[in-house]
Protein chains: 2
Amino acid sequence: MARTKESYHHGDLANALLGAAGSLLAEGGARPLTLRAVARRAGVSAMAPYRHFADREALLAAVAADGFARLAAALETGAEGATPGERLFNAGLAYIRFALTNPALYRLMFGPDLPDKGRHPVLVDNGAAALAACRRLVGACADGETPPEAIERRTAAKWAQVHGIAGLMLDGLLDDLPDDVEGRVAVAGGILAADGA
Amino acid sequence: MARTKESYHHGDLANALLGAAGSLLAEGGARPLTLRAVARRAGVSAMAPYRHFADREALLAAVAADGFARLAAALETGAEGATPGERLFNAGLAYIRFALTNPALYRLMFGPDLPDKGRHPVLVDNGAAALAACRRLVGACADGETPPEAIERRTAAKWAQVHGIAGLMLDGLLDDLPDDVEGRVAVAGGILAADGA
DNA sequence: ACCTGAACACCGTTCAAGT
DNA sequence: ACCTGAACACCGTTCAAGT
């Protein structure tokens with residue numbers, strides 16, 4: 001555990017690479033997030049990352065997996081309120097706030113830069129954890145008679161609802177949006193309420 | 001008009017390039033959709049596309065704009081039913097069917113390969129046309145007393161709902177999905193209905 | 001075990017040139 | 001007006017080599 005080797009140049013290159021990748025992503029999106037640029041920023045040779053990640057996609061998957069973990073956490077802490085319905089609603093706003101605050105990360109998590117996500121187990125696991133958080137919030141709104149399939153469908157519907165709003169907002173496809181994140185979250189709340197949130 | 005020049009090699013290189021780009025996109029997504037590959041497939045030198053498109057992003061935008069036009073058309077023809085509510089519901093299924101049938105195109109239209117879509121006027125126009133179709137379907141469900149802002153919010157909610165379902169399905173993030181498109185569309189219908197479609 | 005350097009087959013894009 | 005060819009600065013990835 002206390003193996004801070006500092007051997008060649010780094011003691012913990014894998015994490016340094018992840019950090020560099022995160023900054024590059026936040027700065028300019030996935031395109032400039034290049035294996036060579038990450039290596040450069042970590043102060044290491046262009047080929048060093050290959051000791052820690054199989055290829056570029058594996059590095060992207062690791063960044064995205066961390067994003068799913070952070071999203072799940074944001075859902076948990078955002079789910080405040082007196083009733084289950086309120087908690088679900090506020091978790092939805094937290095979801096959208098996460099997307100608007102971390103646009104490039106959110107697009108990496110869901111966009112086409114990570115095709116066949118099934119091939120990255122850590123991605124599947126963390127994504128499932130986020131989905132489970134959502135399912136729990138939806139389930140708390142149902143009574144004991146509600147069959148599991150109905151819960152599952154409602155969970156998918158809720159997730160899709162906030163996911164869709166976040167995506168359209170990130171794409172600039174909704175008219176007359178405020179410039180600041182909280183203003184947009186408020187608009188999102190209105191859209192959610194319009195459909196019987 | 002009848003200027004089929006056939007001058008150098010092509011009479012209509014711009015359209016030939018668009019066609020080649022469409023095939024490449026359908027075959028392997030946006031990444032192999034490279035300016036040089038498009039030129040190759042059109043049988044023209046690597047630099048020829050620059051006479052017709054400012055850069056790679058402009059070509060992608062043209063492909064995506066055509067996708068928005070086709071999506072709007074799919075919404076129109078899909079909007080069948082005895083009541084406005086039924087027509088809206090079926091248009092939603094048509095939306096999701098379009099996404100599942102043209103996954104790479106759909107991701108190009110909405111994904112991060114086309115950042116700041118505002119800079120491609122043809123994209124904005126065709127996107128607005130698709131949104132208008134959606135708004136019309138939603139508006140037909142409202143009575144005369146409904147204020148325009150409510151229509152706008154409901155339109156955004158409906159669009160986000162189907163957009164979110166399509167996105168999650170394309171990402172393989174929904175469990176236990178059938179393999180065929182129509183089976184998935186049926187599941188989508190169940191999810192839509194679960195939320196009070 | 002971890003990192004480097006040279007090399008290969010690609011890209012997007014610019015510029016000068018051809019017809 | 002439209003197309004080509006050479007060139008530049010990048011990529012991802014492989015392989016042999018260093019410590």
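No experiment lies behind these values; they were computed from the predicted model shown. Per chain, numbering begins at 1; letters A, B, ... match sequence-line order.
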Quick one: on DNA chain C, does B/Arg56 or A/His52 contact a more 5' nucleotide (nearest heavy atom)? A/His52
Would you indicate what [X] reaches in the nucleic acid, counting non-hydrogen atoms under 4.0 angstrom: base, sugar-phosphate, or nothing?
X	value
A/Arg40	sugar-phosphate
A/Arg36	base
A/Ser45	base

If I take atom [atom1] in residue [X] and atom [atom2] in nucleotide [N], what distance separates them, rounded to the nearest angstrom?
X	N	atom1	atom2	result
B/Glu57	C/dC11	CD	C1'	16 Å
B/Asp12	D/dA1	CG	C1'	15 Å
A/Leu17	D/dG12	CG	P	13 Å
A/Asp55	D/dC11	CG	P	17 Å
A/Arg31	D/dC10	CZ	P	15 Å

Less than 4.0 angstrom from a charged side-chain N to a carboxylate O is my criterion; do B/Arg119 and B/Glu57 meet it? no
Main chain of A/Ala58, side chain of A/Asp55: is a donor-acceptor contact present, judged purely on distance under 3.5 Å? yes
In the structure shown, which nucleotide is the Watson-Crick or G-U wobble counterpart of D/dA1, with both distances under 3.5 Å? C/dT19
If pairing requires Watson-Crick or G-U wobble contacts with both distances under 3.5 Å, which nucleotide is the partner of D/dC8? C/dG12
Do the side-chain N or O atoms of A/Tyr50 get closer than 4.0 angstrom to the phosphate oxygens (OP1, OP2) of D/dT13? yes
Under-4.0 Å side-chain N/O to phosphate OP1/OP2 contact, B/Thr34 with C/dG12: yes
Should we say atom CG of B/Asp176 is surrounded by more than 12 heavy atoms from elsewhere, each under 6.0 Å from it? no
Residue A/Asp143 excluded, over 12 heavy atoms near CG under 6.0 Å: yes
Given that A/Arg51 and A/Leu35 both sit by DNA chain D, which one's nearest nucleotide is further toward the 5' end? A/Leu35
Tell me which nucleotide among D/dG12, C/dT14, C/dT4 gets nearest to the side chain of B/Met47. C/dT14
Aromatic centroids of A/Tyr106 and A/Phe68 separated by under 6.0 Å: no
